[in-house]
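Only one structure is covered here, and it is reproduced in the block below.
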Amino acid sequence: PPEDFAPSALPDGGGMPEGFPGGKGGRSSDDVKLKYIDDDPDSYPNLFDSAKTAVTAGGKARLIQSLKALSGGDAQEAVDLDQVLRYFVVHNYVVNGDSYTGSMVHNYYLYEKDGLLSLIPWDYNLAFGTFQAGDASEAVNDPIDTPLSVTGDGDRPMIDWIFSDAACTELYHQYFAEFLETVDPAPYAQELAQMLDRLKKEQGYSELDAMLVLKDILARVWQERKKG
């Protein structure tokens with residue numbers, strides 16, 4: 001059966017829901033970056049110790065072999081290509097630095113089925129550039145081919161494969177263009193900008209604090225709409 005691995009909790013489990021364990025040194029470790037280390041399951045404690053389902057020896061072996069193929073440049077044998085491409089389209093659009101592509105390398109679920117890996121979104125409360133972003137302009141202009149802490153040097157193999165192959169990069173750009181056609185901020189973008197401006201000028205909020213307050217307001221509006 002498929003198995004879920006969750007190398008995404010904070011090292012001490014701080015701030016995470018009950019039942020979502022973490023491991024010491026989890027952030028930015030090679031196993032959390034989904035790098036191949038060796039064939040020993042003990043070399044991947046942040047993956048297997050945080051598993052959300054029972055992990056068999058066979059499941060561990062499959063995942064490790066997938067990481068080995070991925071690190072060796074054979075993404076087709078390691079990754080659910082279409083799912084991961086679409087995941088990173090939306091993920092990179094919302095500029096979530098508190099994640100796999102950010103400096104802390106956490107807050108995602110890893111899913112394995114038949115030796116192919118995919119990603120499940122988790123913890124997006126600091127998306128839209130609100131995690132360690134200098135200002136709104138920096139977040140908006142974050143490049144989609146080298147998002148946040150991703151440099152393409154092999155340090156983040158789960159995304160680096162997209163940009164190491166021209167055909168994969170082209171498909172990623174195609175999916176991004178298709179996604180953008182479904183997202184039209186024009187009707188409310190000006191209103192949001194005006195609300196941000198008022199929060200800064202009238203309430204004295206910094207750029208980042210104003211964005212956080214506005215996000216909270218929008219979340220409350222959304223919750224009220226769901227109730228109605």
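Numbers for residues simply follow the sequence, beginning at 1.
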Task: side chain to side chain contact (heavy atoms under 4.5 Å, CB included) evaluation trace for Y175 with D82 - done: CA-CA 10 Å; Y175 285 169; D82 194 71; 2.3 Å; yes

TODO: Take H173 and D145 through the test side chain to side chain donor-acceptor pair (under 3.5 Å) and record every step on the way to the result.
DONE: CA-CA 9 Å; H173 290 162; D145 287 2; 2.9 Å; yes

TODO: Test side chain to side chain contact (heavy atoms under 4.5 Å, CB included) on Y108 and D123 and set out the steps.
DONE: CA-CA 8 Å; Y108 66 89; D123 196 2; over 6 Å; no

TODO: Tell me, with the steps shown, if L47 and L67 meet side chain to side chain contact (heavy atoms under 4.5 Å, CB included).
DONE: CA-CA 12 Å; L47 297 184; L67 296 182; 4.0 Å; yes

TODO: Might you work through the side chain to side chain contact (heavy atoms under 4.5 Å, CB included) test for I217 and R220, ending with a clear yes or no?
DONE: CA-CA 5 Å; I217 293 172; R220 294 180 187 180; 5.9 Å; no

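Atom NZ of K68 sits about 14.0 Å away from atom CG of L63, to the nearest 0.5 Å. Note that NZ of K200 is 9.5 Å distant from CE of M211, once rounded to the nearest 0.5 Å. Here the straight-line distance linking atom OG of S29 with atom CG of L34 works out to 11.5 Å at 0.5 Å rounding. Atoms CG and CE, from L126 and M104 in turn, are 10.0 Å apart once rounded to the nearest 0.5 Å. Remark: Y87 OH to I159 CD1 distance equals 9.0 Å, nearest 0.5 Å. Rounded to the nearest 0.5 Å, atoms CG (L212) and CZ (F128) are 12.5 Å apart.
Under a 3.5 Å cut-off, the side chain of N46 and the backbone N or O of V32 do not form any donor-acceptor pair. At least one donor-acceptor pair under 3.5 Å links the side chain of T130 to the backbone N or O of A127. Under the 3.5 Å distance criterion, the side-chain polar atoms of S43 are left unmatched by any main-chain donor or acceptor of I37. Judged by distance alone, the side chain of D160 and the main-chain N or O of G154 form a donor-acceptor pair under 3.5 Å. No donor-acceptor pair closer than 3.5 Å links the side chain of S118 to the backbone N or O of D80. Here the side chain of T146 pairs no donor or acceptor atom with the backbone of P143 at under 3.5 angstrom. Under the 3.5 Å distance criterion, the side-chain polar atoms of Q83 are matched with a main-chain donor or acceptor of L119. The closest donor-acceptor contact from the side chain of N107 to the backbone of D98 lies under 3.5 Å. In this structure, the side chain of D165 engages the main chain of C168 through a donor-acceptor pair within 3.5 Å. In this structure, the side chain of Y100 engages the main chain of M158 through a donor-acceptor pair within 3.5 Å.
Counting only N and O atoms by type, the side chains of S137 and N141 include a donor and acceptor under 3.5 Å apart. No side-chain donor from either of E170 and Q174 sits under 3.5 Å from a side-chain acceptor of the other. Counted by atom type alone, D49 and Y44 present zero donor-acceptor pairs between their side chains at under 3.5 Å.
Criterion: ILVMFWY side-chain heavy atoms under 4.5 Å apart, direct or through other members. Under it, V105 and L148 are not part of a common hydrophobic cluster. Under the 4.5 Å side-chain contact rule for hydrophobic residues, F179 and F163 share a cluster. Residues W161 and I64 are members of one and the same hydrophobic cluster, defined by side-chain heavy-atom contacts under 4.5 angstrom among Ile, Leu, Val, Met, Phe, Trp and Tyr. Y124 and L110 end up in the same hydrophobic cluster when Ile, Leu, Val, Met, Phe, Trp and Tyr side chains are linked at under 4.5 Å. Placement of V94 and I162 within a single hydrophobic cluster is found when ILVMFWY residues are connected by side-chain heavy-atom separations under 4.5 Å, directly or transitively.
Between L116 and V79, every side-chain heavy-atom pair lies at or beyond the 4.5 Å cut-off. Here the side chains of Y111 and L117 are not in contact, with every heavy-atom distance at 4.5 Å or above. Within the 4.5 Å cutoff, the side chain of S149 has heavy atoms near those of the R156 side chain. Side-chain contact between Q65 and D39 is present, with heavy atoms from C-beta onward closer than 4.5 Å.
Considering all non-hydrogen atoms of both residues, E77 and A69 come closest at CB-CB, 4.4 Å.
The residues D155 and K35 are annotated as salt-bridged, a charged nitrogen and a carboxylate oxygen being separated by less than 4.0 angstrom.
Less than 6.0 angstrom separates the ring centroid of W122 from the ring centroid of Y109.
The aromatic rings of H91 and F88 stand perpendicular to each other, their planes meeting at an angle above 60°, with 30° marking the opposite boundary.
In this structure, the side chain to side chain contact (heavy atoms under 4.5 Å, CB included) partners of F176, at least two apart in sequence or on a different chain, are V89, N92, Y93, I144, Y172, L180.
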Return all side-chain donor-acceptor pairs below 3.5 angstrom for residues 192-199, not counting sequence neighbours, or 'none' if the list is empty.
{"residue": "D197", "atom": "OD2", "partner": "K201", "partner atom": "NZ", "Å": "3.4"}

